[in-house]
> 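Once you've had a glance at the structure underneath, I'll fire off some questions.
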Amino acid sequence: MGEIVVVYELDKAVATRVPRGEDRPVRRVHAAPTAPGAPTATGPRTLCGKDTFAMATTGWKPSEHPETQWYPEEYASAVCPDCDAMMET
């Protein structure tokens, strides 16, 4: 497996628009491989199989933080269990 990046699945705006510049809450934290031949671009699917098109790229790379979990600590409660299981293998 190549380089892995962390992506955020954001909450969808329900009935109202999110004001410009205001962040949407993170629904789930996923792991995704980088795109083939493009180490700075996220691949099309997360490790659990979700489409990354509408996800926010974080720039967090587990290989740059070997002393911690693969995800940012502040999002531990939102980690995708399927991506987490794939990262354990």
> Take Asp51 and Arg45 through the test side chain to side chain contact (heavy atoms under 4.5 Å, CB included) and record every step on the way to the result.
CA-CA 5 Å; Asp51 188 350; Arg45 301 250 176 235; 3.4 Å; yes
> Does Trp60 use its side chain to pair, donor to acceptor, with the backbone of Trp70 at less than 3.5 Å?
yes
> Under a 4.5 Å cut-off applied to non-hydrogen side-chain atoms, are Cys80 and Thr46 in contact?
no
> Tell me whether Val5 is reachable from Tyr75 by hopping between hydrophobic residues (I, L, V, M, F, W, Y) whose side-chain heavy atoms are closer than 4.5 Å.
no
> Would you say Val7 ends up clustered with Met86 if hydrophobic residues are merged whenever their side chains have heavy atoms under 4.5 Å apart, either directly or through other cluster members?
no
> What distance do Glu9 atom CD and Cys83 atom SG have between them, rounded to the nearest 0.5 Å?
9.5 Å
> Hey, any chance Leu47 and Met55 share a hydrophobic cluster, counting ILVMFWY side chains that come within less than 4.5 Å of each other, even indirectly?
no
> Is there a donor in the side chain of Glu3 and an acceptor in the side chain of Ser63, or the other way round, less than 3.5 Å apart?
yes
> Calculate, to the nearest 0.5 Å, the distance between atoms CG and CE belonging to Asp82 and Met87 respectively.
13.5 Å
> Does Glu64, at its CD atom, have more than 12 non-hydrogen atoms belonging to other residues, nucleotides or ligands within less than 6.0 Å?
yes
> Within the 4.5 Å heavy-atom criterion, are Asp84 and Glu88 side-chain neighbours or not?
yes
> Can you give me the closest heavy-atom contact between Ala78 and Arg27, atom names plus distance?
CB-O, 3.9 Å
> Which residues pass the side-chain hydrogen bond (donor to acceptor under 3.5 Å, both in side chains) test with Thr58, sequence neighbours left out?
none
> Are any non-hydrogen side-chain atoms of His30 and Val6 less than 4.5 angstrom apart?
no
